[in-house]
Amino acid sequence: MSLSKSSFLKYLQCPSYFWFDKNRPEVLQEKELSDFEKALAEQGKKVEEYFYRLFPDLIKVSTKGSTALDETNLYIQKGATHIAQAAFESGGYFAQSDLVHFKGDGHIDIYEVKSSSSMQNIGLEDSSQARSKEEHETDLAFQYEVATRAGYFVDNTFLVELNKTYIHQGEIDLSQLFSINNVTEAVLNLIPGIWTGMQQALTYVTSTTPPTTCGCIYKPRKDQCAAFAFLHPEMTGYTVHDLSRIGQSPKRLVAFIDQNIINIEDIPPGHKLLDSHRDQIHSWNEDREIIHREEIKRAFNSFQFPLYFLDYETYAPAIPVFDGTRPYQHVPFQYSLHIIHENDGEVSHEEYLHTDRSNPIPIISQHLRSTIGDTGTILVWHSPFESGRNKELAEAVPTLSNFLLSLNTRMFDLKDIIAKRMYVHKNFRGSASIKKVLPVLVPELSYASLAINDGGKATSEWGSMVFEITDETEKETIRKQLLEYCKLDTLAMVEIYRKIKDMI
């Protein structure tokens, strides 16, 4: 059995998952990729293709496995200097590299192309960014080790990412689009540990005794592997893994598991808890709501009518397509706006959906200006997103900058009523997602029947409608589905607001 780069990364994620993936894949409960994740995978392929354009002499290996080795060797014999998806194999270890520069006499440089944006000049204060960088370097270290053991001299390893500061103007400037960083020193520091891990992984996977447990018992639900439910069926209910943001309290989760405290109801009275966890647990065990009426009243009394319930849908391509935008910048192509004109008054609805390839930024900004007055509270769900878009719109449309920035000063995040535990319901299960809150408070409204029912799908469908689909009937169907989805987002906020208002 050979060990590939992707298999080794699975081993590092969870050895038990790795073993079952290779030996008994039928027991795995792999999560279906969301539309957002599928779109990211497609973005990754596009980023690679754009990078390859920097090398006019590039030849790409079109196969996998042993045939990829044969194809790579054939191109080397023909004198190729830049080979995409070049393959190496040695002693049961196999790797294909995004790009290899063959410099002669067995010397090579390896390039790993990632669709992430560069972290240079912005530091690594975000722990997720730090993890990402470490994973990329681990990826390169595996390739380095396999290529070296196959007889090559690896002079340099490069991590290629999108340049976070690149701004699109006219034709794509390939020389500025990418950030190419030499990470050889960091990779070499990883090599001793990587080689040990590679040997352990190959030994582990050939064992005939299946694992009986999984280290994912110490991870929050979203980070658990596909073998977890098979290995730990007793932990698939409502457990301590589902406590709100438990991933930010890893020591607390470890302590629960080590004390055999698994289900929410197993947590003993008087146990030392975070306030957020205490409310979540109390609401579940006591089967009752927690309503801090005075806090909610203060929040609602601060509102100024008319109330504007605002939601954007955005398109964030890795390779920017609109002038003035950066890689992965969220460009609003649609908004929905429900308006309550006065206390207990009527509700009206405004909306805009951009349907052609022109830059939507100036047009959507003008539409916002025409539908939102200079007074009144702007209500959103998860304000960092909408406020971030308003700042970018203001930067792009200076003539409307004051208006667009004023939206942020008038903004209230309706999600805070749930996230800050002013209102706790057992069936929220610690979540403040509108997709979790709406079925509990307003069950008559549902995303389930919508053809487009989440932001990721909205993004991908809009991209298809504008840049790919030519059939007008199909485009019209998507247009209607997008309007229906975005309208429900703001209607959901209106009805949640009304429901909570009635409670107090």
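Just so you know, these numbers use all the heavy atoms, side chains as well, and skip hydrogens, waters and symmetry mates. Since the structure is predicted, the reported quantities are computational estimates derived from the model, not experimental observations.
- Side-chain N or O atoms of N23 include one that pairs as donor or acceptor with a backbone N or O of W19 at under 3.5 Å.
- Side-chain atoms of E289 and V424, non-hydrogen and from C-beta on, never get closer than 4.5 Å to each other.
- Proximity of E484 to I452: side-chain heavy atoms (C-beta onward) are nowhere separated by under 4.5 Å.
- Shown here is R245, whose CZ atom has no more than 12 heavy atoms of other residues, nucleotides or ligands within 6.0 Å.
- For the 3.5 Å distance criterion, the side chains of S431 and S433 fail to qualify, holding no donor opposite an acceptor.
- Panel note: side chain S464, backbone S460; a donor-acceptor pair is recorded below 3.5 Å.
- Side-chain N/O atoms of Q224 and R221 include a donor and acceptor closer than 3.5 Å.
- Salt bridge annotation for E42-K45: present, with a cationic side-chain nitrogen under 4.0 angstrom from a carboxylate oxygen.
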Test side-chain contact (heavy atoms from CB on, under 4.5 Å) applied to S97 and Q85, step by step: CA-CA 5 Å; S97 300; Q85 299 302 316; over 6 Å; no

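- Nearest heavy atoms, N453 versus K435: O-CE, 3.3 Å.
- No side-chain donor-acceptor contact under 3.5 Å links T239 to the backbone of N263.
- Close placement of the F178 and F51 rings is indicated, their centers lying within 6.0 Å of each other.
- W381 pairs with exactly one of V437, D311, T490, D489 by the side-chain contact (heavy atoms from CB on, under 4.5 Å) rule, that one being V437.
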side-chain hydrogen bond (donor to acceptor under 3.5 Å, both in side chains) assessment of E71 paired with S62: CA-CA 8 Å; E71 194 176 347; S62 59; 3.3 Å; yes

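- The ring of H330 has its center no closer than 6.0 angstrom to the ring center of Y312.
- For Y111 and F158, the ring centers sit closer than 6.0 Å to each other.
- Cation-pi geometry between R149 and W195 is met: the NZ or CZ atom falls under 6.0 Å from the ring centre, inside 45° of the normal.
- In this structure, a donor-acceptor pair under 3.5 Å is absent between the side chains of S244 and H277.
- Ring to ring, F94 and F88 are not that close: their centroids are 6.0 angstrom or more apart.
- Checked by atom type and distance alone, the side chain of D454 pairs as donor or acceptor with a backbone atom of K457 at under 3.5 Å.
- Note: Y497 and F300 meet the aromatic proximity criterion, with ring centroids under 6.0 Å apart.
- At a cut-off of 3.5 Å, with distance as the only test, no side-chain donor of E134 or H136 sits close to an acceptor on the other residue.
- Look at E48 and K46 and you find no salt bridge, because none of the NZ, NE, NH1 or NH2 atoms lies under 4.0 Å from a carboxylate O.
- Residue E185 qualifies as open at atom CD: its count of foreign heavy atoms under 6.0 Å is 12 or below.
- Under a cut-off of 6.0 angstrom, the local environment of NZ in K38 is crowded, with over 12 non-hydrogen atoms contributed by other residues, nucleotides or ligands.
- A ring-centre distance under 6.0 Å is found for F428 and Y423.
- With hydrogens and angles left out, the side-chain atoms of D139 and Q143 include a donor and acceptor closer than 3.5 Å.
- The closest side-chain heavy-atom distance from H425 to K436 is not below 4.5 Å.
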Ring pair (Phe, Tyr, Trp, His ring centres under 6.0 Å) between H271 and F256, intermediate numbers included: CA-CA 10 Å; H271 195 88; F256 280 135; 5.3 Å; yes

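- Residues L3 and A201 approach most closely at CD2-CB, 4.0 Å, considering heavy atoms.
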Verdict with reasoning, E49 to K60, per salt bridge (charged side-chain N to carboxylate O under 4.0 Å, His left out): CA-CA 10 Å; E49 292 303 321; K60 186 175 181 180; 3.0 Å; yes

side-chain contact (heavy atoms from CB on, under 4.5 Å) assessment of V183 paired with L159: CA-CA 7 Å; V183 293; L159 176 59; 4.1 Å; yes

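- A salt bridge does not link K499 with D502: none of the charged nitrogens is closer than 4.0 Å to a carboxylate oxygen.
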E392 vs R389, salt bridge (charged side-chain N to carboxylate O under 4.0 Å, His left out): CA-CA, chis, key distance, verdict: CA-CA 5 Å; E392 290 164 353; R389 306 297 71 77; 3.0 Å; yes

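- Here the closest non-hydrogen pair linking S383 and D413 is N-OD2, 2.7 Å.
- Taking 4.5 Å as the limit, some side-chain heavy atom of Y11 sits within range of a side-chain heavy atom of Q200.
- The shortest heavy-atom contact between T72 and A87 is OG1-N, 3.0 Å.
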Residue pair I267, I281: steps toward the side-chain contact (heavy atoms from CB on, under 4.5 Å) verdict: CA-CA 8 Å; I267 301 172; I281 294 161; 3.3 Å; yes

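- When every heavy atom of G463 is checked against every heavy atom of Y315, the shortest pair comes out as CA-CE1, 3.8 Å.
- Of the N and O atoms on the side chains of S7 and K22, at least one donor lies less than 3.5 Å from an acceptor on the other residue.
- Between E313 and P332 the shortest side-chain heavy-atom distance does not fall below 4.5 Å.
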Salt bridge (charged side-chain N to carboxylate O under 4.0 Å, His left out) between R293 and E295, worked out: CA-CA 5 Å; R293 286 179 170 81; E295 289 184 49; over 6 Å; no

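- A cation-pi contact links R429 to Y238, judged by a cut-off of 6.0 Å to the six-membered ring centre and 45° from its axis.
- For the residue pair S179 and E161, no side-chain donor N or O sits within less than 3.5 Å of a side-chain acceptor on the partner.
- Inspection of the D258 and Y218 side chains reveals an N or O donor paired with an N or O acceptor under 3.5 Å.
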